[in-house]
Enquirer: 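Handing you this structure, nothing more for now.
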Amino acid sequence: MRRGRLLVQFLYLLVLCCDDPIVAWAAEAFIGTYGINYGRLADNIPSPDKVVTLLRAAKIRNVRIYDADHTVLTAFSGTGLDLVVGLPNGNLKDVNASEDNALDWVKDNVQSFLPDTRIRGIAVGNEVLGASSNELGGVLLGAVKNVYSALKKLNLDKVVQITTAHSTAVLANSYPPSSCKFNDNVDQYMKPLLEFFQEIGSPFCLNAYPFLAYLSDPGNIDVNYALFQKTQGIYDQKNDVRYDNMLDAIIDATYVALEDAGFKKMEVIVTETGWASKGDSNEAAATVDNARTYNYNLRKRLALRKGTPLRPKHALKAYIFALFNEDQKPGPTSERNYGLFKPDGSLAYDIGFPALKSSSAISLRGSLKVIRARACIGSNVVVHVASTIILILFSRF
């Protein structure tokens, strides 16, 4: 009996220490506090293989993409990078219509790449609710449920997390944060969605841009407040809280809205935030200096691993938008200039990444082979040691 207990204890420790959730039987889509969005609406950015080398050199582990492109998923295989794939808005109706359609999508775009590609999450749609048209609002929950059902059938529900990202358009009366609620026009869709996410343990994902908030009202918003610079900030009398930066205020407004809707314990994760380095004539705040200041200060803020004034114990987690400038994105000039990196892999501006400076290049394919070899060796060592200890314990029964 004593040896049996030792075996159980060993296996439990292995679960806690193992780097691969397929082995560990549990998953967390976001490790640490810092991640990045890897958008690819461009014709001049590096190949996925080179992007992997860039991410590893910059020590950025958490990555989101907006689809499930197989070239990207193959390039990420064996690298140790944690990936959230996207089920695009254009697929929502099809996946909502049939569990079989959802199962086929998950098999083709997730299961077939696990465990070598560390797919940790599926973002089902992006900014569906709160859009000018709520055409997809009625199919979002059905699509989410069908994707989750597919994961359960494939025994991947403890490995891959389901989420969907919202814009701040789903919020109403967000100033001051203590007055925030969900917009009436999304309420009928939001509450059932949150009920399901609460049931399966998913967070609330928010795309939050102080840059856009500042552009909408520059006469009444201090740019330093939006940039994490020294400022008087704002005082929320109801909650007796002073905010020294806008991002914290936006996140706490979201927590207030969640609590008002009955979901006080749900975590908020920022799935997009950033600052454009170039813009049109009516986007004067879109400058290299401001983009550098925002992203540098945000990186320092996330490194503190602290929460917001209303949720001090929940370390703020954020994916930065974006990895590269994307020259084929529609809309104002700012939309094409959120990138931290230039197409050659050098920094667009220095925000403190020690491994990459503006003169860096990412053309060495050999480094990617080393990364993959190390990842495989690490996994094999864990499995070998575990197997050896288990055999020794069993041999003594």
Side-chain angles (χ1 to χ4, degrees), residues 11 14-32 35-38 40 48-49 51-53 55-56 60-88 91 95 99-125 143-165 197 200-203 205 269 271 319 368-369 371-384 386-387:
L11 291 173
L14 179 62
V15 166
L16 293 179
C17 299
C18 185
D19 194 46
D20 191 335
I22 298 295
V23 177
W25 310 309
E28 185 177 350
F30 199 126
I31 303 298
I36 202 157
N37 287 280
Y38 169 25
R40 305 188 320 283
D49 276 353
V51 169
V52 166
T53 306
L55 291 167
R56 287 299 301 256
I60 300 174
R61 174 175 177 174
N62 302 291
V63 184
R64 294 178 80 244
I65 60 176
Y66 292 90
D67 54 21
D69 182 88
H70 289 193
T71 304
V72 174
L73 298 184
T74 300
F76 275 66
S77 174
T79 63
L81 299 173
D82 290 338
L83 192 63
V84 174
V85 300
L87 192 157
N91 294 88
V95 171
E99 287 191 4
D100 288 339
N101 292 346
L103 185 63
D104 289 343
W105 192 92
V106 173
K107 283 181 176 179
D108 292 344
N109 299 294
V110 178
Q111 184 190 42
S112 60
F113 291 93
L114 291 170
D116 294 337
T117 301
R118 294 165 60 103
I119 299 173
R120 296 298 190 250
I122 301 173
V124 181
V144 166
K145 286 184 173 180
N146 284 348
V147 171
Y148 183 73
S149 175
L151 291 175
K152 283 189 72 70
K153 287 179 181 178
L154 300 172
N155 295 316
L156 296 176
D157 55 303
K158 298 294 191 292
V159 176
V160 180
Q161 187 180 66
I162 302 290
T163 59
T164 190
F197 279 160
I200 65 175
S202 291
C205 293
I269 291 178
T271 36
Y319 290 91
L368 182 59
K369 294 178 181 178
I371 288 168
R372 287 179 173 148
R374 287 176 178 172
C376 291
I377 290 170
S379 298
N380 289 338
V381 168
V382 170
V383 172
H384 178 71
S387 301

Enquirer: Begin from the C-alpha positions of Thr117 and Thr74 and carry the test side-chain contact (heavy atoms from CB on, under 4.5 Å) through to its verdict.
Expert: CA-CA 7 Å; Thr117 301; Thr74 300; over 6 Å; no
Enquirer: I'd like to know if the side chain of Asp116 reaches the main chain of Ser77, judged simply by a donor and an acceptor atom lying under 3.5 Å from each other, with no hydrogens or angles considered.
Expert: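 No; zero donor-acceptor contacts below 3.5 Å.
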Enquirer: Is there a side-chain contact between Leu103 and Leu154 in this structure, where contact means two heavy atoms from C-beta onward sitting under 4.5 Å apart?
Expert: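 Yes; the side chains approach each other to less than 4.5 Å.
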Enquirer: Tell me, do Phe197 and Thr164 make a side-chain contact under 4.5 Å, heavy atoms counted?
Expert: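 With C-beta onward as the side chain, the pair touches.
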Enquirer: Measuring from atom CZ of Arg56 to atom OG1 of Thr53, what distance do you get when rounded to the nearest 0.5 angstrom?
Expert: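 Rounded to the nearest 0.5 Å, the CZ-OG1 separation comes to 9.5 Å.
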Enquirer: Within the 4.5 Å heavy-atom criterion, are Tyr319 and Ile36 side-chain neighbours or not?
Expert: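 No, their side chains stay 4.5 Å or more apart.
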Enquirer: Would you give me the side-chain donor-acceptor pairs under 3.5 Å for residues 66-73, sequence neighbours excluded?
Expert:
| residue | atom | partner | partner atom | Å |
| --- | --- | --- | --- | --- |
| Tyr66 | OH | Asn37 | OD1 | 3.1 |
| Tyr66 | OH | Glu272 | OE2 | 2.8 |
| Asp67 | OD1 | Arg40 | NH1 | 3.2 |
| Asp67 | OD1 | Arg40 | NH2 | 3.3 |
| Asp67 | OD1 | Asp69 | N | 3.3 |
| Asp67 | OD2 | Arg40 | NH2 | 2.8 |
| Asp69 | OD2 | Thr71 | N | 3.0 |
| Asp69 | OD2 | Val72 | N | 3.1 |
| His70 | NE2 | Asp108 | O | 3.4 |
| His70 | NE2 | Asn109 | OD1 | 2.9 |

Enquirer: Has the side chain of Thr79 got a donor or acceptor atom that lies under 3.5 Å from a matching backbone atom of Phe76?
Expert: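 Between the backbone of Phe76 and the side chain of Thr79 there is a qualifying donor-acceptor contact (under 3.5 Å).
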Enquirer: At their closest point, which heavy atom of Gln161 faces which heavy atom of Ala29, and how far apart are they?
Expert: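 So the two residues come closest at OE1-CB, 3.2 Å.
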Enquirer: Do Phe113 and Val85 touch side chain to side chain, with heavy atoms closer than 4.5 Å?
Expert: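 Contact flag for Phe113/Val85 side chains = no.
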Enquirer: Applying salt bridge (Lys or Arg N to Asp or Glu O under 4.0 Å), can you list everything that pairs with Lys152, at least two apart in sequence or on another chain?
Expert: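 By the salt bridge (Lys or Arg N to Asp or Glu O under 4.0 Å) rule, Lys152 matches Asp157.
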Enquirer: Hey, does Arg120 have a side-chain heavy atom less than 4.5 Å from the side chain of Leu83?
Expert: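 Sidechains of Arg120 and Leu83: no contact.
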Enquirer: Rounded to the nearest 0.5 Å, what separation is found between the NZ atom of Lys153 and the OH atom of Tyr148?
Expert: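 With rounding to 0.5 Å, NZ (Lys153) is 13.5 Å from OH (Tyr148).
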Enquirer: Could you tell me which residues satisfy side chain to side chain donor-acceptor pair (under 3.5 Å) with Thr271, sequence neighbours excluded, listed by chain and number?
Expert: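 Partners of Thr271 by the side chain to side chain donor-acceptor pair (under 3.5 Å) criterion, ordered by chain and then number, come out as Asn207.
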Enquirer: Once you round to the nearest 0.5 Å, how far does CD1 of Ile122 lie from CG of Leu156?
Expert: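 It is 8.5 Å, given to the nearest 0.5 Å.
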Enquirer: Rounded to the nearest 0.5 Å, what separation is found between the CG atom of Asn62 and the CD1 atom of Ile269?
Expert: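 Reported value, rounded in 0.5 Å steps: 9.5 Å.
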Enquirer: Rounded to the nearest 0.5 Å, how far apart are SG of Cys205 and CZ of Phe30?
Expert: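 The CZ atom of Phe30 is 10.0 Å from SG of Cys205, to the nearest 0.5 Å.
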Enquirer: So Val63 and Asp82, side-chain contact (heavy atoms from CB on, under 4.5 Å) or not? Walk me through it.
Expert: CA-CA 6 Å; Val63 184; Asp82 290 338; over 6 Å; no
Enquirer: Pro88 and Gly86: which non-hydrogen atoms are nearest, and at how many Å?
Expert: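 For Pro88 versus Gly86, the nearest heavy atoms are CD-O, 3.3 Å.
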Enquirer: Once you round to the nearest 0.5 Å, how far does CZ of Arg118 lie from CG of Leu81?
Expert: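 Separation between the atoms: 8.5 Å.
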Enquirer: Answer yes or no: is there a donor N or O on one side and an acceptor on the other, between the side chain of Ser202 and the main chain of Thr163, under 3.5 Å?
Expert: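 No, the answer is negative, given that no donor and acceptor are paired below the 3.5 Å cut-off.
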Enquirer: Would you call Val147 and Val106 a side-chain contact if the rule is heavy atoms closer than 4.5 Å?
Expert: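 Side-chain contact under 4.5 Å: yes.
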Enquirer: Answer yes or no: is there an ion pair linking Glu99 with Lys145, defined by an N-O contact shorter than 4.0 Å?
Expert: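 No, this pair does not count.
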Enquirer: Might you point out which heavy atoms bring Val95 and Leu87 nearest each other, and give the distance in Å?
Expert: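 So the two residues come closest at CG2-CD1, 3.8 Å.
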